[in-house]
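Okay, structure first, notes after.
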There are 2 protein chains.
Amino acid sequence: MAVGIRDVARAAGVSPATVSRVLSGTPVDPAMRDAVLKAVETTGYRPNLAARRLRSRHTNTIGLIVADIRNPFFTAVSRTIEDMANRQGMRIILCNTDEDPAKEEAYLGLMEEERVTGVILAPARSTRKRPPRDFPTVLIDRTIPGEVFDCVVLDNISMADALVQHLVQRGHRRIAGLFGAESNTGRERRIGFEEAAARLGIAATSHAVPHADGEAAQVLHGILAGADRPDAIVASNGVMLLTVLRELRVLGLRVPGDIALAGFDNNDWMEFVGDGLTVIEQPVDEIGRTAMTMLAERIAHPENPARKVVLQGRLIVRGSSAAVDAAADMEAQSR
Amino acid sequence: MAVGIRDVARAAGVSPATVSRVLSGTPVDPAMRDAVLKAVETTGYRPNLAARRLRSRHTNTIGLIVADIRNPFFTAVSRTIEDMANRQGMRIILCNTDEDPAKEEAYLGLMEEERVTGVILAPARSTRKRPPRDFPTVLIDRTIPGEVFDCVVLDNISMADALVQHLVQRGHRRIAGLFGAESNTGRERRIGFEEAAARLGIAATSHAVPHADGEAAQVLHGILAGADRPDAIVASNGVMLLTVLRELRVLGLRVPGDIALAGFDNNDWMEFVGDGLTVIEQPVDEIGRTAMTMLAERIAHPENPARKVVLQGRLIVRGSSAAVDAAADMEAQSR
DNA sequence: TTTAGCTGAGAAAACGTTTTCTCAGTTCAG
DNA sequence: CTGAACTGAGAAAACGTTTTCTCAGCTAAA
C-alpha cells in the first residue's frame with residue numbers, strides 16, 4: 001500500500017541508497033538521477049519524515065513556546081518565526097503555557113522527546129530558574145532573573161522613559177503608571193518610568209498591578225476615583241491597556257479629553273479609539289528574525305558565550321495634537 | 001550519551017519490551033512496573049518520539065493550516081484547537097498559507113510526509129478543488145465549491161441577514177455592504193445581505209470588494225464620496241472593517257454620528273471605537289471544538305458520509321442607542 | 001495426575017529511512 | 001605496465017522504538 005524508498009529504488013532499477021542520495025542532493029550519475037526522479041513521480045513517493053528523523057538524527061523542528069498565542073505580540077512574532085522556519089525547511093511546534101510554569105515545564109520536556117533542533121521560549125512570568133536542557137534555547141520578550149541566556153528583548157527602560165518624556169512634553173504633570181510586578185519586563189518598564197519622572201521632576205506614581213483581572217480593575221478604580229486624579233496613564237502592556245479603557249468608560253472619563261492614555265505594543269485598531277492611542281511599537285519582525293538567527297548561531301557554535309540583544313521600539317505618537325507635538329519636536333531638535 | 005529504552009531496561013533488570021509495556025500502560029507485574037519507573041527516573045530517560053512514531057505508525061500530530069495566524073479569528077480558533085490537542089496528547093503543526101493555493105498545496109504535501117493523524121484546514125480563498133489526501137481533513141471557515149467535505153462553518157446567510165435586520169430596526173434605510181467575491185464566505189454573506197434587504201424593502205447595495213488593499217480603499221472612496229452616501233455600512237470581515245474605518249477618517253466622517261458601521265468577528269477593542277461597533281461574533285471556541293471532534297469521528301469512522309456543521313453566531317449590539325434597541329426588541333417580542 | 005489452555009515476559013523482527021562499509025571499476029603516477 | 005589512490009554505487013548496518021513471536025510456568029478441567 002504505502003510506497004517506500006525501496007519501491008522507488010525498484011522502479012528506477014537502483015539501490016535504496018541511491019534514491020536517498022538523489023533526494024538529499026548528493027552528487028549521482030545524471031542518468032540515474034533522472035530515473036530516480038521519474039520513479040518518484042510515477043510511484044507518488046512521499047518520504048516518511050519520522051523515519052528520516054530517526055535515522056538522520058536531526059528533526060528540523062523548532063519549538064515555539066509562548067504564554068498565549070492570542071496575545072497580538074506573540075501572534076506577530078510567531079508569524080515571522082514560522083515564515084523564516086518554513087523558508088529553511090523547518091517545522092514549528094506551537095505551545096501555549098498560559099503563564100503556568102508547570103505547563104511550561106511539561107512542554108520543555110516534550111521538546112526533549114521531540115528532539116527538537118532548538119526552542120524559542122517566552123518564559124512564563126514566574127519562571128525563576130531554567131533547568132538546563134538538551135537543546136539550544138533563545139528567550140524572547142522576557143529574561144529569567146539571575147540566568148545568563150541567549151535572549152532578545154525590548155529596551156524596556158528606555159521605552160518607558162520615552163513614553164513619560166512624551167507625555168510631559170504634551171503638558172501632563174500627574175502621570176500614573178501601571179506595571180506588572182511579576183515579570184522582569186514589567187519591572188524594567190517601571191524603572192524607566194520612575195527614572196524619567198525623577199529626571200523631569202514631575203509627580204508620577206507607579207503602581208504594581210496584580211495579574212488577576214478583577215483586582216486590576218479595583219486598583220485602577222482607586223487611582224482614578226481618588227482625590228487628585230492623574231492627567232495621564234501609562235499601561236505596561238496590552239491587557240492592562242484594555243482594562244484601563246474599560247474602567248475609564250465605567251467612570252465616564254473620555255480619552256484624551258479627560259485623561260491621556262499611552263501604552264506598549266501597537267495594534268492596527270489603536271488609531272481609532274479616541275483620537276488615537278500613543279504607544280511604543282515593538283519591532284516584532286526584528287525580534288522574530290533575531291531570535292531565529294541567534295538560534296542558528298547557537299546551534300553552529302554551542303560554546304560561544306550567551307548574548308543578550310536589546311532592541312529599540314518606536315514611539316508612535318497619535319491623537320489630536322500629534323501635529324503640534326511634531327512641530328515641538330522639530331523645534332527642540334533645531335536648538 | 002543519549003539514554004534509550006535498552007538502558008532503562010538494563011537498569012531495571014527487565015527487557016526493553018517490558019519497559020515499553022510499562023510506558024504504554026499495558027498491564028505488567030507491579031514489582032517490575034515500579035522497577036521500570038524508578039529506572040526511568042534515575043536514568044532520566046526520554047522516549048524518542050520519532051522512533052515511536054516510525055514503529056507505531058501513529059504520529060499523534062495534527063496539521064493546522066490557516067491563511068494567517070494574525071487574523072484574530074484564526075488565532076482564537078487555533079488556541080482552542082491547541083488546547084484540545086494538548087489534552088489528548090497531540091501535537092499541532094501550524095502553517096500559514098497567505099491565501100496562496102501553491103503554499104497550501106505545499107503544506108498539504110508536507111502533512112503527508114509527516115504522516116499526520118489529521119488536518120484542520122481553512123482553505124485559501126481561491127482553492128477550487130481539493131486533491132484527495134491520505135489523511136482525514138476537516139475544513140473550517142470556508143468550504144470548497146463543488147466538494148462535499150467535513151466542515152464547520154458559520155451560518156453566513158442568516159448572520160448577514162441579522163445584521164441588516166438590526167440596522168433597519170435602528171432606522172437605517174440606505175445600507176451598503178462590502179463583500180469579498182473570491183471566497184464562499186464572502187459570497188454567502190452577500191446573499192444574506194441582499195435577501196434581507198429585499199425582504200425588508202430597503203435600498204441596500206452590495207459591492208464586491210477586491211482583495212488588494214489599495215483597490216478596496218478606492219472602491220470605498222467611490223461609495224462614500226458619491227451623491228447619496230449610505231447611512232450604514234456592513235463590512236464582511238475584519239480586514240475590510242479596518243479599511244472602512246480608515247477611509248471614514250480620511251473623509252472626516254464620524255461613527256456612528258455620520259454613518260453606522262457593522263461587521264463580522266468580535267474583538268475586545270471594538271467596544272472602544274466610536275460608541276462601540278456592532279458585530280456578529282463567531283463562536284470561535286465551538287468552531288475549534290467541533291472541528292477537533294469531527295476529526296476524531298472521521299478517524300474512527302472513515303467511511304461515514306461527510307458532514308457539514310453550520311453554527312450560529314451572536315449579534316453583539318453596541319453603540320449609544322443599544323439600550324433603546326433592547327427595549328425595541330423586547331417590545332417586538334411581546335407582540 | 002495429565003494436559004489443554006492461558007498468562008506474562010523475553011527474544012527477535014519490523015518500521016522506513018540515512019549512513020557506513022565494501023568493492024568493482026577507473027584514473028593516474030611511477 | 002603495475003599498483004596505489006580514488007570514485008561511485010550497492011549491501012548492510014543502524015537509528016530507538018513497538019509489536020509479533022515464542023516459550024516457560026501456571027491454572028484448571030478431565
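Chain letters run A, B, ... following the sequence lines, proteins first and then strands; every chain starts at 1.
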task = Strictly below 4.0 Å, heavy-atom distances to any atom of DNA chain D: list the hits from residues 30-38 of chain A, or just say none.
result = A:Met32
request  = Answer yes or no: is there an ion pair linking A:Asp34 with A:Lys38, defined by an N-O contact shorter than 4.0 Å?
outcome  = no
key: Side-chain ion pair, B:Arg79 and A:Asp98, N-O less than 4.0 Å   = yes
inquiry  = List the residues meeting side chain to side chain donor-acceptor pair (under 3.5 Å) with B:Asp141, not counting sequence neighbours, and say none if there are none.
reply    = none
message = According to side chain to side chain donor-acceptor pair (under 3.5 Å), who are the partners of B:Arg55, at least two apart in sequence or on a separate chain?
response = none
key: Interatomic distance where CZ belongs to B:Arg10 and C1' belongs to C:dG10 [whole Å]   = 15 Å
task = Note the angle between the end axes of the helix from C:dT1-D:dA30 to C:dG30-D:dC1, five pairs defining each, rounded to 10 degrees.
result = 50°
ask   = Using 4.0 Å as the upper bound for N to carboxylate O, is an ion pair formed by B:Glu82 and A:Arg70?
value = no
ask   = If we ignore angles and hydrogens, is there a donor and acceptor under 3.5 Å between the side chains of A:Thr75 and A:Ser78?
value = no
request  = Verify whether one side chain among B:Thr293 and B:Thr290 offers a donor that lies under 3.5 Å from an acceptor in the other.
outcome  = no
query = B:Glu147: what forms a side chain to side chain donor-acceptor pair (under 3.5 Å) with it, not counting sequence neighbours?
reply = none
inquiry  = Please tell me whether A:Glu104 and A:Thr127 have a donor and an acceptor in their side chains that are separated by less than 3.5 angstrom.
reply    = yes
request  = Scan nucleotides 12-22 of chain D nucleotide by nucleotide, 5' to 3', and note B when protein non-hydrogen atoms come under 4.0 Å of the base, S if they reach only the sugar-phosphate, - if neither.
outcome  = -BBBBBBBB--
task = Pick out which of B:Arg46, B:Arg53, B:Arg52 makes a salt bridge (Lys or Arg N to Asp or Glu O under 4.0 Å) with A:Glu114.
result = B:Arg53
